[in-house]
Amino acid sequence: MDTPKDGKTPNLSAEEQHDVDKNQPPRAAVLHEIIRTQGDQELERSIAALWWSALAAGLTMGLSLMAMGLLNSRLPDGEHFKVIASFGYCAGFLAVILARQQLFTENTLTAVLPVMTKPTLNNFGRLLRLWVVVLGGNLCGTLLVAYVMLNLPIFDTKTDVAFLEIGRKVMENHASQMFAKGIVSGWMIATMVWMIPSMESAKMWIIILITYLMALGDFTHIVVGSAEVSYLVFAGELPWKDFWLVFAGPTLAGNIIGGSCIFALISHAQIRSESGPPKKSPDQVADSSKRKDE
């Protein structure tokens with residue numbers, strides 16, 4: 001039997017070929033445009049809308065600290081049980097992303113793509129406004145939830161000790177480690193944001209996979225980590241100076257570089273290098289051929 005010159009399976013009807021084309025995963029350019037459009041919508045939101053959503057996200061991210069503390073306090077000691085307790089890290093991310101609240105590290109990709117597509121002073125200004133408002137709201141929320149978890153009689157002593165141990169684990173890193181690990185977590189969150197539009201039905205599992213790996217690797221994240229480390233500050237174990245200079249500053253810089261300067265820039269460069277006239281669908285090809293025959 002002769003092999004078709006184009007390498008396609010022979011004897012497929014037009015309808016079958018259409019089904020093949022329809023079931024192909026979206027091209028990178030399609031994912032780029034979906035995320036760019038989402039980012040443009042975020043840049044258009046009012047300061048008040050961004051602030052309240054970001055504050056809610058900061059409060060919600062306290063679920064990660066709460067879940068890890070509860071699991072650690074109720075599981076036996078041992079490294080293999082820490083692997084199970086790390087699943088608690090996913091809780092805050094699941095709640096924030098599924099509720100569509102404003103999380104700063106998501107915006108290091110979504111809000112950056114419109115600026116890379118159209119790098120004007122106005123777009124840079126809109127990006128800076130969004131980053132400042134969202135980061136401020138996230139940090140206010142995490143600091144508030146850490147303070148409440150420490151000072152209200154909510155948890156037993158064993159759980160309180162587990163919260164302290166989590167914060168101490170973060171602060172075992174020096175500033176350069178905070179920065180390097182922050183780059184990795186920023187890149188991982190950006191990867192998660194890029195994957196979700198192509199697999200909406202598996203969104204929950206994508207979030208769990210990426211954030212669980214972040215927990216296992218002890219990668220630093222500015223929002224979750226601010227709840228963990230500020231708990232130490234409110235407990236009197238850490239000065240605010242170390243919170244800002246050792247943890248927050250290096251981690252924030254790493255998250256931005258990992259999400260914006262590495263992932264977003266490379267993804268945008270990929271799309272620019274592949275740019276060209278869009279491919280016609282089978283229906284458009286058929287219509288074009290019909291018009292020529294006429």
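- In the model, Q101 has a side-chain atom that pairs as donor or acceptor with a side-chain atom of T60 under 3.5 Å.
- Formation of a donor-acceptor pair under 3.5 Å by the N138 side chain with backbone atoms of V223 is not found in this model.
- Between F247 and V233, the closest side-chain pair of non-hydrogen atoms is not below 4.5 Å.
- Here the side chains of E33 and T37 are in contact, with some heavy-atom distance below 4.5 Å.
- In terms of heavy atoms, L150 sits closest to A235 at CD2-N, 3.5 Å.
- A donor-acceptor pair under 3.5 Å is formed between the side chain of W131 and the backbone N or O of N107.
- To the nearest 0.5 Å, atom OG of residue S73 and atom NZ of residue K158 are 6.5 Å apart.
- Within a 6.0 Å radius of CG in L121, no more than 12 heavy atoms belonging to other residues, nucleotides or ligands are found.
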Applying ring pair (Phe, Tyr, Trp, His ring centres under 6.0 Å) to Y89 and H221, what does each step give before you reach the verdict? CA-CA 11 Å; Y89 193 83; H221 186 274; 7.3 Å; no
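- For the pair T117/N123, no side-chain contact is recorded, criterion being any heavy-atom separation below 4.5 Å from C-beta on.
- S86 places no side-chain N or O within 3.5 Å of a backbone atom of Y212 that could act as its donor or acceptor partner.
- One finds the CG atom of L127 at 11.5 Å from the CG atom of N122 (value rounded to the nearest 0.5 Å).
- Between S64 and V224 the shortest heavy-atom distance is CB-CG1, 4.1 Å.
- Around the CH2 atom of W205, the shell of radius 6.0 Å holds no more than 12 heavy atoms that belong to other residues, nucleotides or ligands.
- One N or O on the side chain of R129 and one on the backbone of L43 form a donor-acceptor pair closer than 3.5 Å.
- Ion pairing of R168 with E165 is present here, as a side-chain N (NZ or NE/NH1/NH2) and a carboxylate O approach within less than 4.0 Å.
- For the pair D40 and R126, the tightest heavy-atom approach, listed with the atom from each and the gap, is OD1-NH2, 3.0 Å.
- T105 and N255 get closest at one heavy-atom pair: CG2-OD1, 3.7 Å.
- For the pair W194 and H32, the minimum side-chain heavy-atom distance is below 4.5 Å.
- Taken to the nearest 0.5 Å, the CE atom of M188 stands 7.5 Å off from the OG1 atom of T191.
- The two residues L245 and A175 make their nearest non-hydrogen contact at O-CB, 4.4 Å.
- Side-chain atoms of S185 come within 3.5 Å of backbone atoms of T220 as a donor-acceptor pair (strictly under, hydrogens ignored).
- One finds the CD1 atom of I196 at 7.0 Å from the CD atom of E106 (value rounded to the nearest 0.5 Å).
- With hydrogens and angles left out, the side-chain atoms of R74 and T159 include a donor and acceptor closer than 3.5 Å.
- Annotation: side chain of M61 is not in contact with side chain of V145 (no heavy-atom distance under 4.5 Å).
- The two residues N173 and M178 come nearest to each other via the heavy atoms O-CE, 3.7 Å.
- When the shell of 6.0 Å around CG of N151 is examined, it contains more than 12 heavy atoms from other residues, nucleotides or ligands.
- If you take OG1 on T211 and CZ on F93, they are separated by 6.5 Å, rounding to the nearest 0.5 Å.
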Residue pair L65, T142: steps toward the side chain to side chain contact (heavy atoms under 4.5 Å, CB included) verdict: CA-CA 10 Å; L65 175 59; T142 52; over 6 Å; no
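- For the pair S230 (side chain) and S226 (backbone), a donor-acceptor distance under 3.5 Å is present.
- Using cut-offs of 30° and 60° for the angle between ring planes, the F234 and Y147 rings count as perpendicular.
- Checking side-chain atoms of Q177 against main-chain N and O of H174 turns up a donor-acceptor pair under 3.5 Å.
- To the nearest 0.5 angstrom, F163 atom CZ is 12.5 Å from L232 atom CG.
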